[in-house]
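These figures come from a predicted structure and were not determined experimentally.
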Amino acid sequence: MNIPFLDNWRKRHGGEDATSLASVVDGDPEGVAELLSECELLRVRAGQNGLELDDSPASLEALDQLPPRWRDDPEELPWLGNDAGLYLGTVIVRTVPGAVWHIWPGGHPVVRLVSGREIQVVESGLDWAATGAPELSQVYAEAAEA
């Protein structure tokens, strides 16, 4: 996958011209969206359950219905939760008008709505993976209402 902003950031990171990931993201929002939408582990686990993730709100509802077998693996749980949060953010950014990815200065991705409200999708994904709440479809519905 060719993501120019990431290569540029790597070249500059740590040097005299070092720049924050957050500022590089502003220069290539499509590249960031592509990078954050990969969610490889989540997509593999969903596929093993016969679910194809198509970046739609309906796919979030289907994820909410999966048996949470990942909870049996404490090493996989945080990775899957992180992917679930990034996938949630991907669906919001692709389907809620005006929603965009925003990277905090520390490198933490959030989704910013037109209203200015920021949704901490990674935390929502981690909570969902660990406990099942909030449901991903519920977080999406709240974002879509705003």
Side-chain angles (χ1 to χ4, degrees), residues 1-66 68-70 73 75-130 132 134-146:
M1 174 170 37
N2 181 21
I3 304 176
F5 86 86
L6 191 56
D7 291 336
N8 292 336
W9 181 80
R10 285 182 179 150
K11 287 176 189 172
R12 289 187 248 152
H13 187 67
E16 287 181 31
D17 295 331
T19 184
S20 73
L21 178 58
S23 65
V24 174
V25 167
D26 291 339
D28 188 5
E30 290 89 23
V32 171
E34 182 180 341
L35 178 67
L36 296 178
S37 72
E38 286 185 3
C39 315
E40 185 176 351
L41 179 61
L42 180 69
R43 290 181 190 276
V44 166
R45 293 296 177 257
Q48 290 171 341
N49 284 283
L51 174 61
E52 181 183 341
L53 300 182
D54 61 1
D55 301 348
S56 70
S59 67
L60 294 173
E61 293 174 12
L63 277 172
D64 288 337
Q65 302 306 312
L66 288 180
R69 293 187 185 102
W70 55 84
D73 185 346
E75 290 184 22
E76 184 171 296
L77 190 142
W79 293 102
L80 190 116
N82 187 72
D83 274 10
L86 294 176
Y87 183 72
L88 169 64
T90 295
V91 174
I92 294 170
V93 167
R94 291 188 176 166
T95 62
V96 174
V100 296
W101 283 106
H102 177 72
I103 308 296
W104 287 348
H108 184 79
V110 297
V111 172
R112 183 176 285 164
L113 303 176
V114 162
S115 67
R117 178 177 163 226
E118 291 183 345
I119 301 172
Q120 296 187 27
V121 291
V122 172
E123 283 75 8
S124 294
L126 290 167
D127 290 345
W128 172 82
E135 290 185 337
L136 300 175
S137 58
Q138 176 187 357
V139 176
Y140 174 83
E142 291 171 6
E145 284 180 3

Nearest heavy-atom neighbours spanning [X] and [Y]:
X      : Y      : value
Ser59  : Val91  : OG-CG2, 4.5 Å
Val139 : Ser124 : CG2-OG, 4.1 Å
Pro134 : Asp127 : CD-CB, 3.9 Å
Val121 : Pro109 : CG2-O, 4.5 Å
Leu80  : Leu41  : N-CD2, 3.7 Å

Name all residues meeting the side-chain hydrogen bond (donor to acceptor under 3.5 Å, both in side chains) criterion together with Asp55; count only those two or more places apart in sequence or in a different chain, and write none if there are none. Arg43, Arg94
Using the side-chain hydrogen bond (donor to acceptor under 3.5 Å, both in side chains) criterion, which residues pair with Thr90? Sequence neighbours excluded. none
Does Glu52, at its CD atom, have more than 12 non-hydrogen atoms belonging to other residues, nucleotides or ligands within less than 6.0 Å? no
Nearest 0.5 angstrom please: [X] [atom1] to [Y] [atom2], how far?
X      : Y      : atom1 : atom2 : answer
Arg112 : Ile103 : CZ    : CD1   : 10.5 Å
Trp128 : Leu63  : CH2   : CG    : 5.0 Å
Glu142 : Ser137 : CD    : OG    : 10.0 Å
Leu126 : Trp79  : CG    : CH2   : 11.0 Å
Ile119 : Leu88  : CD1   : CG    : 7.5 Å
Leu113 : His102 : CG    : NE2   : 12.5 Å

Would you check if [X] and [Y] make a side-chain contact, meaning some heavy-atom pair closer than 4.5 Å?
X     : Y      : value
Arg69 : Asn49  : yes
Leu53 : Cys39  : no
Pro29 : Val100 : no
Thr95 : Ser56  : no
Glu40 : Leu42  : no

Steps toward side chain to side chain contact (heavy atoms under 4.5 Å, CB included) verdict (Leu86, Trp101): CA-CA 10 Å; Leu86 294 176; Trp101 283 106; 4.1 Å; yes
Does Asp64 use its side chain to pair, donor to acceptor, with the backbone of Glu135 at less than 3.5 Å? no
Spell out, as yes or no, whether a donor-acceptor pair under 3.5 Å connects the side chain of Trp70 to the backbone of Ala129. yes
The salt bridge (Lys or Arg N to Asp or Glu O under 4.0 Å) partners of Glu76 (sequence neighbours excluded) come to Arg45
Walk me through whether Glu30 and Asp28 qualify under side chain to side chain contact (heavy atoms under 4.5 Å, CB included). CA-CA 6 Å; Glu30 290 89 23; Asp28 188 5; 4.0 Å; yes
